[in-house]
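Written out below as structure tokens is the structure these notes cover.
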Amino acid sequence: MSPLLELVAVHKAFSPNEPAILRGIDLSLAPGESLALVGESGCGKTTLGKLITDLHQPTAGKVLYKGQDLRTMTKKEYQAYRLKVQMIQQDSFAALNPYKTIFHSLQAAMRKHGFAKDQNEARRKVHGLLADVGLFPTEQFIDKYPHQLSGGQRQRVLIARALSVEPELIVADEPVSMVDVSLRISLLKLLRRMNQKYGISFVYITHDLATARYISDRGKLLVMYLGEVMEVGDIRQATNHSNHPYFRALVAAVPQGVANRQYTVPDLPLKGMDIPDIKQLPTGCIFHPRCIYATEKCHMQKPRLIQQGAAEVACFHLNEIEESFQ
């Protein structure tokens, strides 16, 4: 199956005088496939999501949609791409116009792009979208303003708005991080159901491995660190058997339960907790200052992604690491 979306050797810098935020990112996403993008804060996850939706443009490299470079598309082709690739923002209150009702926020794009021929049809379709995302009864929500809804309800409206133009790919940037914990599981179920029901591809951006595994259970996982890919592979195999030392540390950091009324603090396999300054990146492997397996080679040379089982991993010491865990 031909990829729906591809990133080829993508770099992104916001200033010519500063280091690139993203460096050498390669990515391929098939139609209907889900991808969880994980890593610590500041690793470039959101920037990568905005490159996929073309809110940012790469400094170098290419973003391809159905095999076509975004920069060489005709106006008509680019408009079709922008319609078919939607984003669900993290802050639902900021993402919705406070002066427009939910109906007006959802019907605008539908009317503009011909998904509803008149206001009556738009209203019927908005009722259907609200029902689809679990806002029942729809009559109680369609004419309300964003401030009259809870955070979880507004997030469902954002999902409905993304669905209103029949997208092929949705980029969800930490969509549950600003929602009460008690509501997160219902939103995650909703996103996964949208993926399965409509065959929409998803890029799910998060720093939470537990939600990544839930939302992308049959998809891929891409692990980022300081703007580079450390590991990419099938999410179920990756979380059950992580390869890269950084990914192993992320897995070890997931709380395992409660012991003696205190959360068990994991012993992370790291030299230190401090993340290097993006303006003064380490030479060689960028993870070597924190890696317990680092050698002189890691200081001097940058590892490339190589095949390790079902995953691709950027590390020189995979065999040694594997032996230490047997």
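Basis for what follows: all heavy atoms, side chains included, without hydrogens, waters or symmetry-related copies. All residue numbers in this chain count up from 1 along the given sequence.
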### Query
Can you tell if the side chain of C315 reaches within under 4.5 Å of the side chain of I321, non-hydrogen atoms only?
yes
### Message
For the CZ atom of R193 and the OG atom of S186, what is their distance to the nearest 0.5 Å?
### Response
11.0 Å
### Query
Can you tell me if E320 uses its side chain to pair, donor with acceptor, with the backbone of F316 under 3.5 Å?
no
### Task
Give a yes or no on whether a salt bridge exists between E168 and K66, defined as a side-chain N under 4.0 angstrom from a carboxylate O.
yes
### Heavy-atom check, side chain of M300 versus side chain of T283, under 4.5 Å
no
#### Entry: Sub-4.5 Å side-chain heavy-atom contact between L55 and M87
yes
### Gap between atom CD1 of I170 and atom OG of S201 - 0.5 Å precision
9.5 Å
### Query
With clusters built from Ile, Leu, Val, Met, Phe, Trp and Tyr whose side-chain heavy atoms come within less than 4.5 Å, directly or transitively, what are the remaining members of the cluster of I306, listed by chain and number?
V313, L318
### Task
Assess the side chains of R156 and S92: does a donor N or O sit below 3.5 Å from an acceptor N or O?
no
### Message
Under 4.0 Å between a side-chain nitrogen and a carboxylate oxygen: does that hold for D54 and R71?
### Response
yes
### Query
Would D91 and R154 satisfy salt bridge (Lys or Arg N to Asp or Glu O under 4.0 Å), going step by step from the backbone distance to the final call?
CA-CA 9 Å; D91 188 345; R154 286 195 300 269; over 6 Å; no
#### Entry: Separation of I88 CD1 from I159 CD1 (nearest 0.5 Å)
5.0 Å
### Message
Please verify the inter-ring angle class for Y78 with Y81; under 30° counts as parallel, over 60° as perpendicular, anything in between as tilted.
### Response
tilted
### Query
Checking side-chain contact (heavy atoms from CB on, under 4.5 Å) for the pair F115/Q107: CA distance, chi angles, key distance, verdict?
CA-CA 9 Å; F115 290 97; Q107 67 94 32; over 6 Å; no
### Task
Let me see the working for E231 and N243 under side-chain hydrogen bond (donor to acceptor under 3.5 Å, both in side chains), right down to the final yes or no.
CA-CA 8 Å; E231 184 168 345; N243 293 285; 3.0 Å; yes
### Task
Could you please spell out the steps behind the side-chain contact (heavy atoms from CB on, under 4.5 Å) verdict for D118 and E121?
CA-CA 6 Å; D118 54 37; E121 184 179 4; 3.4 Å; yes
### Query
Short question: side chain of Q86, backbone of L83 - any donor-acceptor pair under 3.5 Å?
yes
### K125/D132 ion pair, N-O < 4.0 Å
no
### Message
Just to verify, which of T46, L37, T53 counts as forming a side chain to side chain contact (heavy atoms under 4.5 Å, CB included) with V171?
### Response
T53
### Side chain to side chain, L51 and V10, heavy atoms closer than 4.5 Å
yes
### Pairing residues for H127 by the ring-ring contact (aromatic ring centres under 6.0 Å, His included) criterion, not counting sequence neighbours
none
### Query
Quick check: does any side chain N or O of R82 sit under 3.5 Å from a backbone N or O of Q79, one acting as donor and the other as acceptor?
no
### Query
Residues sharing F93's hydrophobic cluster, by side-chain heavy-atom contacts under 4.5 Å among ILVMFWY, directly or via others?
none
### Query
Mind checking whether I25 and L48 have side chains closer than 4.5 Å, heavy atoms only?
yes
### Query
How about E77 and Q68: does a side-chain donor come under 3.5 Å of a side-chain acceptor?
yes
### T138 side chain to A131 backbone, donor-acceptor under 3.5 Å
no
### Query
Between H288 and Y293, does the ring centre distance come in under 6.0 Å?
no
### Query
Is there a donor-acceptor pair under 3.5 Å between the side chain of H244 and the backbone N or O of S242?
no
### Query
So does K50 have more than 12 non-hydrogen atoms from other groups sitting under 6.0 Å from NZ?
no
### Task
Check side-chain hydrogen bond (donor to acceptor under 3.5 Å, both in side chains) between R192 and all other residues, then give those that pass, not counting sequence neighbours.
none
### Query
With a cutoff of under 4.5 Å between side-chain heavy atoms, which Ile, Leu, Val, Met, Phe, Trp and Tyr residues group with V8?
L64
### Check against salt bridge (Lys or Arg N to Asp or Glu O under 4.0 Å), E228 and K302
CA-CA 11 Å; E228 296 182 14; K302 183 177 291 293; 3.0 Å; yes
### Task
State, with a plain yes or no, whether a side-chain heavy atom of V157 is found less than 4.5 Å away from one of L129.
no
### Task
Kindly state each residue pair satisfying ring pair (Phe, Tyr, Trp, His ring centres under 6.0 Å) with at least one member in residues 173-209, sequence neighbours excluded.
none
### Query
Would V133 and Y145 show up in the same hydrophobic cluster when neighbours are defined by side-chain heavy atoms closer than 4.5 Å?
no
### Query
Judged by atom type as modelled, is there a donor-acceptor pair below 3.5 Å linking the side chain of E33 to the main-chain atoms of A30?
yes
### Message
Counting only heavy atoms from other residues, nucleotides and ligands, does the tally under 6.0 Å from CD of E139 exceed 12?
### Response
yes
#### Entry: Over 12 foreign heavy atoms within 6.0 Å of OH, Y99
no
### Message
Any heavy-atom pair between the side chains of E166 and I200 that's under 4.5 Å?
### Response
no
#### Entry: Nearest heavy atoms of C43 and K45, plus distance in Å
SG-CG, 3.0 Å
### Query
Out of curiosity, L158 CG to S105 OG, how far, rounded to the nearest 0.5 Å?
9.0 Å
### Task
Please name the residue in the list V38, N240, L221 that meets the side chain to side chain contact (heavy atoms under 4.5 Å, CB included) test with R213.
N240
### Query
Taking side chain as C-beta onward, heavy atoms only, is I275 less than 4.5 Å from E40?
yes
### Task
Rounded to the nearest 0.5 Å, what's the gap from CG on D234 to NE2 on H241? Could you check?
13.0 Å
### Message
Counting neighbours of NZ on K271 that are heavy atoms of other residues, nucleotides or ligands and sit closer than 6.0 Å, is the number greater than 12?
### Response
yes
### Summary
Output for pair (L163 CG, L190 CG), nearest 0.5 Å, gives 8.0 Å
### Query
Does NZ or CZ of K12 fall inside the cone over F14's six-membered ring, less than 6.0 Å from its centre and within 45° of the axis?
yes
